[in-house]
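What you see is a predicted model, and the numbers here were worked out from it, not measured in a lab.
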Amino acid sequence: MVSVADLLTDGRLPGNYFAQDLYVRGSTELGLLENRRGDRLLAIPDPLLQAIYSGLEKETGQASRLVLYNCGRWWGKNFYARFCEELADYYKQPLSSLSMAEFLQSLQQCWKTHGWGQIHLDITYRDRGFLGVEIWHSPFTAVAPQGQKPAGDLERGIIEIFFSQLTGRELRCVQTSCTAKGDDCNRFILGLEKRLQPVEAMVAGGQAHQAIMQTLMQQG
């Protein structure tokens, strides 16, 4: 029989590190937000987020997508470093030693607690070299210009660099559906650049996510 003592690590029972009621701390009097380690957190109100998107669109036009994508890669690189550091401190082991269940639970809860929506990984096509990522209720594409093109360039950059560092491979990320053009959620495909080259043309041609995946599977 497993005793409670066997489950404790350093006298405590590891739980969900990113649980919102434990992770986010703050003082309304001082106007400060911090995480459970004491690191500062930044809250971005919706009006400011809307102003950032509309300002970029006005000042840079079509280049705003590239600006947001590069910001996402910078943000994602630092996010990955902090994510690994915090989990390693908490579980007393490197990220690579965590089980897949622990990793997925931590990433999903972290994403939600930071207010970035809900992230889900689709591993249906992993044996074919592709990883699907879904983001529901994204606050970023909610304020992005509405149109016929995917607008999740910030998230695309974050996801691309996060999983590139996680896997040690230079991955490419393409967005195939977006709430800014009326889809139910933001969907992304991760894979090697050479294998994803046809996808951007399919997205530009208005093909749906499932049709794109079927074409990729037929191409082998």
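- For residues 148-203, every residue pair satisfying the ring pair (Phe, Tyr, Trp, His ring centres under 6.0 Å) rule, not counting sequence neighbours, is listed here: F79-F162, Y80-F162, F83-F162.
- Side-chain rings of W111 and W136 stay apart, their centers remaining 6.0 Å or farther from each other.
- With sequence neighbours excluded, the residues forming a salt bridge (Lys or Arg N to Asp or Glu O under 4.0 Å) with D183 are K181, listed by chain and number.
- I212 places none of its side-chain heavy atoms less than 4.5 Å from the side chain of V174.
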I'd like to know whether Y23 forms a side chain to side chain donor-acceptor pair (under 3.5 Å) with E86, so could you lay out the CA-CA distance, the side-chain angles of the two residues, the decisive distance to 0.1 Å, and finally the verdict. CA-CA 11 Å; Y23 186 76; E86 290 186 46; 3.0 Å; yes
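- If you take CZ on R36 and CZ on R25, they are separated by 6.5 Å, rounding to the nearest 0.5 Å.
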Going through the checks in order, is the side chain to side chain contact (heavy atoms under 4.5 Å, CB included) test met by E160 and R73? CA-CA 7 Å; E160 186 175 275; R73 283 185 61 89; 2.6 Å; yes
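- Side-chain atoms of T179 do not come within 3.5 Å of backbone N or O of G182 as any donor-acceptor pair.
- One hydrophobic cluster, built from ILVMFWY side chains closer than 4.5 Å, cannot hold both Y91 and L22; they sit in different ones.
- Between P139 and G115, the closest heavy-atom pair is CG-O, 3.2 Å.
- Ring pair H114/F18 is tilted by interplanar angle, where 30° to 60° counts as tilted.
- In the model, E85 has no side-chain atom that pairs as donor or acceptor with a side-chain atom of Y90 under 3.5 Å.
- For the pair V133/L190, a side-chain contact is recorded, criterion being any heavy-atom separation below 4.5 Å from C-beta on.
- For the atom pair L171 CG and L166 CG, the distance stands at 9.0 Å (nearest 0.5 Å).
- A salt bridge is defined here as a Lys NZ or Arg NE, NH1 or NH2 lying under 4.0 Å from an Asp or Glu carboxylate O, and E134 with R187 meets this definition.
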Chi angles and distances behind the side chain to side chain contact (heavy atoms under 4.5 Å, CB included) call for R40, L33: CA-CA 6 Å; R40 292 286 181 86; L33 278 179; over 6 Å; no
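- Put simply, the side chain of I135 does not reach to within 4.5 Å of the side chain of Q118, judged on heavy atoms.
- For the pairing with C71, the side chain to side chain contact (heavy atoms under 4.5 Å, CB included) check across L154, I158, L66, I52 returns one residue only, L154.
- Judged by distance alone, with hydrogens and angles left aside, the side-chain atoms of S64 form a donor-acceptor pair with the main-chain N or O of G61 at under 3.5 Å.
- For H137, there are no ring-ring contact (aromatic ring centres under 6.0 Å, His included) partners two or more places apart in sequence or in a different chain.
- Atom CD of E170 sits about 9.5 Å away from atom CD of Q165, to the nearest 0.5 Å.
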Take I123 and L131 through the side chain to side chain contact (heavy atoms under 4.5 Å, CB included) test and state the conclusion after the steps. CA-CA 6 Å; I123 59 174; L131 175 65; 4.0 Å; yes
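- Applying the ring pair (Phe, Tyr, Trp, His ring centres under 6.0 Å) test to residues at least two apart or on different chains, none of the pairs has a partner in residues 30-66.
- Checking side-chain atoms of Q146 against main-chain N and O of A144 turns up a donor-acceptor pair under 3.5 Å.
- Within the 3.5 Å criterion, the main-chain N or O of G152 finds a donor-acceptor partner in the side chain of Q175.
- Note on F103: it does not cluster hydrophobically with I161, by side-chain heavy-atom contacts below 4.5 Å among ILVMFWY residues.
- Taking CE from M213 and CZ from R128, the interatomic distance works out to 9.0 Å, rounded to the nearest 0.5 Å.
- Side-chain atoms of S177 come within 3.5 Å of backbone atoms of C185 as a donor-acceptor pair (strictly under, hydrogens ignored).
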For residues 197-211, which side-chain N or O atoms pair as donor and acceptor with protein atoms under 3.5 Å away, sequence neighbours left out?
residue, atom, partner, partner atom, Å
E200, OE2, R172, NH2, 3.2
H209, ND1, T176, OG1, 2.7

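- No donor-acceptor pair closer than 3.5 Å links the side chain of T141 to the backbone N or O of A180.
- Side-chain polar atoms of T113 and Q20 form no donor-acceptor pair below 3.5 angstrom.
- Closest non-hydrogen pair, G191 versus F130, comes out as CA-CD2, 4.4 Å.
- Here SG of C173 is found 8.5 Å from CG of L196. Values are rounded to the nearest 0.5 Å.
- Remark: the backbone N or O of Q50 is paired with a side-chain donor or acceptor of S54 at under 3.5 angstrom.
- Heavy atoms of other residues, nucleotides or ligands lying less than 6.0 angstrom from CZ of R37 number more than 12.
- Taking all atoms of both residues into account, the shortest heavy-atom contact from E155 to S138 is OE2-OG, 2.7 Å.
- Enclosure of atom CZ in R126 is not indicated, since only 12 or fewer non-hydrogen atoms of other residues, nucleotides or ligands lie within 6.0 angstrom.
- Interatomic distance, H120 NE2 to L107 CG, rounded to the nearest 0.5 Å: 11.0 Å.
- Under a cut-off of 6.0 angstrom, the local environment of CG in L32 is crowded, with over 12 non-hydrogen atoms contributed by other residues, nucleotides or ligands.
- Here the closest non-hydrogen pair linking N186 and C178 is OD1-CA, 3.2 Å.
- Crowding of W74 atom CH2: a count of heavy atoms from other residues, nucleotides or ligands under 6.0 Å not exceeding 12.
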Under the side chain to side chain contact (heavy atoms under 4.5 Å, CB included) criterion, do I189 and L216 qualify, and how do the steps go? CA-CA 11 Å; I189 306 173; L216 286 178; 4.2 Å; yes
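- The ring-ring contact (aromatic ring centres under 6.0 Å, His included) check on Y69 picks up nothing, with sequence neighbours excluded.
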